Novice: 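This structure is in structure tokens; I'll ask about it shortly.
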Protein chains: 2
Amino acid sequence: MSTKRITIKDLARHLELTEGTVSRAMNGYADISARTVERVRHAAVELGYKPNQNARCLATGEAEAVAYVIPQNHSSLAEPFVSQLLRGLDESLSRRGWDLLVSHSRSAEDEAEKIQRLVTSGRVSGVVLTRPFKHDNRIKLLQKAGFPFVVHGRCSACSDYSWYDIDNELAIHTAVTHLVELGHSRIAFVGAPLYYNFAFQRLEGYKSGLQTAGLDYDETIVEIAELKDEAGESAAANQLDANHPPTAFVCSSDTQAIGVLAALRTRGLTAGKDVSVIGYDGLRFGRHTNPPLTTMAQPQVQSGRELGDMLLAIIDGDSPAQHQILKRAELVLRSTAGPLRDRNYH
Amino acid sequence: MSTKRITIKDLARHLELTEGTVSRAMNGYADISARTVERVRHAAVELGYKPNQNARCLATGEAEAVAYVIPQNHSSLAEPFVSQLLRGLDESLSRRGWDLLVSHSRSAEDEAEKIQRLVTSGRVSGVVLTRPFKHDNRIKLLQKAGFPFVVHGRCSACSDYSWYDIDNELAIHTAVTHLVELGHSRIAFVGAPLYYNFAFQRLEGYKSGLQTAGLDYDETIVEIAELKDEAGESAAANQLDANHPPTAFVCSSDTQAIGVLAALRTRGLTAGKDVSVIGYDGLRFGRHTNPPLTTMAQPQVQSGRELGDMLLAIIDGDSPAQHQILKRAELVLRSTAGPLRDRNYH
DNA sequence: TGCTATCCCGAAACCGCTTTCGGAATCAAC
DNA sequence: GTTGATTCCGAAAGCGGTTTCGGGATAGCA
């Protein structure tokens with residue numbers, strides 16, 4: 001049943017040409033006559049010839065594929081994020097006919113080992129990393145190996161590699177400012193674990209937002225939580241059940257924000273009226289929370305596409321430091337951020 | 001900077017052995033002395049040797065990778081689905097050290113071409129397909145090529161290939177029955193486009209559920225909609241604004257159900273009280289809709305894992321028909337399905 | 001000691017494609 | 001009609017592994 005796979009040798013014999021000639025014809029070399037190129041092309045589609053990628057990549061030394069390293073510990077709620085980014089990446093790679101690998105990992109050591117294998121196995125020509133830590137060994141590893149890579153996010157020392165990032169600080173600053181303009185002054189911050197560099201940046205944005213508004217930084221209304229709904233919920237619970245609860249929450253992810261909304265609901269509070277909430281990510285699901293979630297959005301499909309383009313450029317020889325893109329998040333106004341109530345809800 | 005990649009030749013020279021011997025030692029052949037195996041293994045980790053996958057796969061004829069073909073036109077809301085399945089797949093493959101490719105496509109023709117390329121390029125040893133159509137050319141293509149594959153879902157003629165599926169008919173039957181037990185008799189169905197085979201099956205389940213309950217099938221309360229929130233919303237709008245609106249909705253996906261919830265909210269109706277809604281998929285965000293969504297759940301990570309195991313078995317030579325798994329979905333009781341109100345809400 | 005069986009390893013072919021190099025044939029120019 | 005430049009293709013050497021085959025060395029046994 002399995003019709004034998006047809007190789008370049010078959011094709012060459014069929015055309016009474018040499019394998020080398022066929023190969024050069026297929027790959028657009030100049031030293032092949034137009035007539036021959038046409039014959040080869042035609043016969044190739046006729047016989048359904050597709051070059052064996054393993055052989056091709058072995059010969060050329062180019063893997064014609066890249067890997068996306070999926071961040072560990074990500075909430076399943078946040079997975080549209082991953083999925084959309086993959087789509088964007090694939091779009092970029094497809095234009096060249098390259099393939100996309102994904103790599104999950106169970107632990108940090110596992111991840112290091114898998115990356116090492118990706119680098120040395122020759123299966124991919126480059127990798128894209130996500131959510132760098134403040135000090136990220138994966139990045140060091142890739143740099144030391146001289147292997148092409150781009151990072152979705154920056155880490156502490158980001159001058160000499162390629163990254164694509166949202167201006168986290170500015171985004172949170174914007175969110176805080178928005179709440180301040182709505183009259184809020186007691187604004188809580190739900191941060192992410194600080195080994196993530198973006199968490200650090202967002203915290204900075206929170207601080208600078210307060211400062212711009214002339215508000216004091218009060219660490220008692222800052223919670224550090226994982227990027228999960230439950231974590232957001234318990235963080236909000238802490239704050240809401242305290243003596244002098246905040247009137248607004250700025251969160252580090254939509255998933256956290258969803259948890260905050262749940263905590264409010266539990267307590268009979270209405271988001272956007274009694275307490276304001278701003279999320280981060282712009283997940284589509286935010287349209288359907290009750291009330292719909294105001295959030296800072298970053299378009300993931302486009303991110304993926306740009307990451308792909310950057311990585312390809314670097315593989316082609318561009319200097320990594322030459323490809324650094326900083327985007328800004330957009331404030332998506334929905335209904336969870338409203339004006340401060342005259343009298344508090346207590 | 002890029003420290004030269006170390007090959008089997010380097011390793012062999014270092015050990016004063018032949019490449020062939022090193023290879024056999026690494027791959028556990030019996031004709032290598034224990035001492036030599038030990039020496040080789042040790043030197044391999046010491047020098048950081050990893051075999052070049054392209055060369056290896058070229059020589060063995062096994063790609064040591066499989067591809068997941070991402071369904072086109074899927075709602076971005078439904079993407080946790082994809083992401084979780086990928087995770088499960090990767091878990092299965094990782095146990096063997098195999099890699100996972102993903103392949104998106106823009107159109108049906110594009111998809112066919114990409115699958116053709118996957119088959120002939122030798123880059124993967126098998127593929128997993130999702131959401132088969134009633135008559136699915138991709139499946140025919142793979143069968144004709146004699147290429148290993150598994151399908152997440154069944155199509156009309158599914159006896160001679162490998163599939164993993166949820167009993168769609170039973171699941172919807174269960175949902176309908178649940179609503180009937182709550183007193184509902186005018187139960188609308190939001191179906192999926194019928195070129196999907198699961199859509200057909202779910203419609204059958206709806207009919208059989210009604211029949212079991214002694215209710216008549218009324219096609220005026222059956223809507224066919226895409227698996228998206230907007231589609232669910234407009235489907236529900238049609239029904240709710242009609243003369244004799246249903247008191248309950250059974251949906252073909254959670255995304256549709258969320259749209260239905262939105263339609264209800266717009267009309268001042270409360271899900272679970274005024275009108276009941278049951279979704280399908282068990283996506284995590286269903287916990288956070290308002291009210292939380294009652295739904296038929298299927299565990300995606302496990303699906304991915306099992307699909308991976310099945311595919312590997314087939315690649316190893318098992319007969320595809322030997323690997324067919326039918327699971328049943330679980331009714332997850334949350335809050336959108338409640339008893340029929342004594343008096344209608346009008 | 002001699003003969004066979006076993007244990008190990010080297011040698012070499014091969015997987016399918018790319019790419020460099022060299023040269024025969026055609027062409028242009030004098 | 002010789003020369004030099006072009007055009008186009010064949011030949012062959014890899015790319016980095018795997019796997020089959022054969023045989024030297026050692027062991028087992030008579």
Side-chain angles (χ1 to χ4, degrees), chain A residues 4-41 43-44 47-65 97-99 117 119-125, chain B residues 4-41 43-44 47-65 97-99 117 119-125:
Chain A
K4 199 88 177 66
R5 208 128 49 187
I6 135 154
T7 76
I8 201 172
K9 188 184 298 184
D10 303 326
L11 192 55
R13 195 161 34 212
H14 176 80
L15 291 165
E16 297 184 323
L17 287 173
T18 317
E19 303 172 29
T21 305
V22 171
S23 172
R24 286 189 317 253
M26 296 283 301
N27 292 316
Y29 276 64
D31 65 342
I32 304 290
S33 74
R35 198 182 92 85
T36 303
V37 169
E38 180 48 38
R39 280 183 65 217
V40 172
R41 291 260 163 82
L47 301 191
Y49 167 72
K50 298 264 197 315
N52 178 305
Q53 279 300 117
N54 293 316
R56 171 174 234 268
C57 297
L58 176 59
T60 61
E62 192 70 83
E64 302 189 351
W98 283 34
D99 291 312
R117 178 167 170 279
V119 170
T120 55
S121 76
R123 188 153 257 185
V124 296
S125 302
Chain B
K4 199 87 177 68
R5 206 123 55 184
I6 134 154
T7 76
I8 200 173
K9 188 184 298 184
D10 302 326
L11 192 54
R13 194 161 33 211
H14 176 80
L15 291 165
E16 297 184 321
L17 287 173
T18 319
E19 305 173 28
T21 304
V22 171
S23 172
R24 286 187 319 250
M26 294 284 301
N27 293 315
Y29 277 64
D31 65 342
I32 304 290
S33 75
R35 199 183 92 85
T36 303
V37 169
E38 179 49 36
R39 280 183 65 216
V40 172
R41 293 259 162 83
L47 301 190
Y49 168 73
K50 298 264 196 317
N52 178 307
Q53 278 304 115
N54 293 317
R56 171 174 234 267
C57 297
L58 176 59
T60 61
E62 192 70 84
E64 302 190 351
W98 283 34
D99 291 311
R117 179 167 169 278
V119 169
T120 54
S121 75
R123 189 153 257 184
V124 296
S125 303

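Throughout, protein chains are lettered first and strands after them, A, B, ... in sequence-line order, and every chain is numbered starting at 1. Given the structure is predicted, the values throughout are model-derived calculations rather than measurements.
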Novice: Measure the spacing between NE2 of B:His14 and CD1 of B:Ile6 and express it to the nearest 0.5 Å.
Specialist: 8.0 Å
Novice: Quick test of your reading: applying salt bridge (charged side-chain N to carboxylate O under 4.0 Å, His left out), list the pairs with at least one residue in residues 7-16 of chain A, sequence neighbours left out, ordered by first then second residue.
Specialist: A:Asp10-A:Arg13
Novice: Could you tell me, to 10°, how much the axis swings from one end of the helix from C:dT1-D:dA30 to C:dC30-D:dG1 to the other, five pairs per end?
Specialist: 40°
Novice: Taking A:Thr7's backbone N and O only, do any of them form a donor-acceptor pair with A:Asn52's side chain (distance below 3.5 Å, no angle check)?
Specialist: no
Novice: For DNA chain C, which residues in residues 30-37 of chain B have a heavy atom at a distance below 4.0 Å?
Specialist: B:Asp31, B:Ile32, B:Ser33, B:Thr36
Novice: If you take all heavy atoms of B:Leu15 and B:Ala43, which pair is closest and at what distance?
Specialist: CD2-CB, 3.8 Å
Novice: Does anything in residues 50-62 of chain B form a salt bridge (charged side-chain N to carboxylate O under 4.0 Å, His left out)? List the pairs, not counting sequence neighbours.
Specialist: B:Arg56-B:Glu64
Novice: Assuming nearest nucleotide by heavy-atom distance, tell me which of B:Glu16 and A:Ser23 is located more 5' along DNA chain C.
Specialist: B:Glu16
Novice: Would you compute the distance between atom CD of A:Gln53 and atom CZ of A:Arg123 and round it to the nearest 0.5 angstrom?
Specialist: 11.5 Å
Novice: I'd like the 5' and 3' limits of the part of DNA chain C contacted by chain B, with heavy-atom contacts below 4.0 Å.
Specialist: C:dC8 to C:dG16
Novice: Tell me which residues in residues 49-64 of chain B lie within less than 4.0 Å of DNA chain C, going by non-hydrogen atoms.
Specialist: B:Leu58, B:Ala59
Novice: To the nearest 0.5 Å, what is the distance between CG on B:Asn54 and OG1 on A:Thr60?
Specialist: 8.0 Å
Novice: Can you tell me how far CG of B:Leu58 sits from CG of A:Leu58, rounded to the nearest 0.5 angstrom?
Specialist: 6.0 Å
Novice: Could you list the residues that satisfy side-chain hydrogen bond (donor to acceptor under 3.5 Å, both in side chains) with B:Thr36, not counting sequence neighbours?
Specialist: B:Ser33
Novice: B:Arg5 side chain to A:Val119 main-chain N or O, any donor-acceptor pair under 3.5 Å?
Specialist: yes
Novice: Under 4.0 angstrom, heavy atoms only, what part of the nucleic acid is A:Thr21 near: base, sugar-phosphate, or nothing?
Specialist: base
Novice: What are the bounds, 5' to 3', of the part of DNA chain D that sits under 4.0 Å from heavy atoms of chain B?
Specialist: D:dG16 to D:dT20
Novice: Measure the CG-OG distance between A:Leu11 and A:Ser23 for me, rounded to the nearest 0.5 Å.
Specialist: 10.5 Å
Novice: Going by the rule salt bridge (Lys or Arg N to Asp or Glu O under 4.0 Å), which residues pair with A:Arg117 if we only count those two or more places apart in sequence or in a different chain?
Specialist: B:Asp99
Novice: If you look at every heavy atom in B:Ala65 and B:Trp98, which pair is closest and at what distance?
Specialist: N-CE3, 3.4 Å
Novice: Looking only at non-hydrogen atoms, find the nearest pair between A:Ser125 and A:Ala63 and report the distance.
Specialist: OG-N, 3.0 Å
Novice: Hey, could you give me each pair passing salt bridge (charged side-chain N to carboxylate O under 4.0 Å, His left out) that has a residue in residues 29-39 of chain A? Not counting sequence neighbours.
Specialist: A:Arg24-A:Asp31
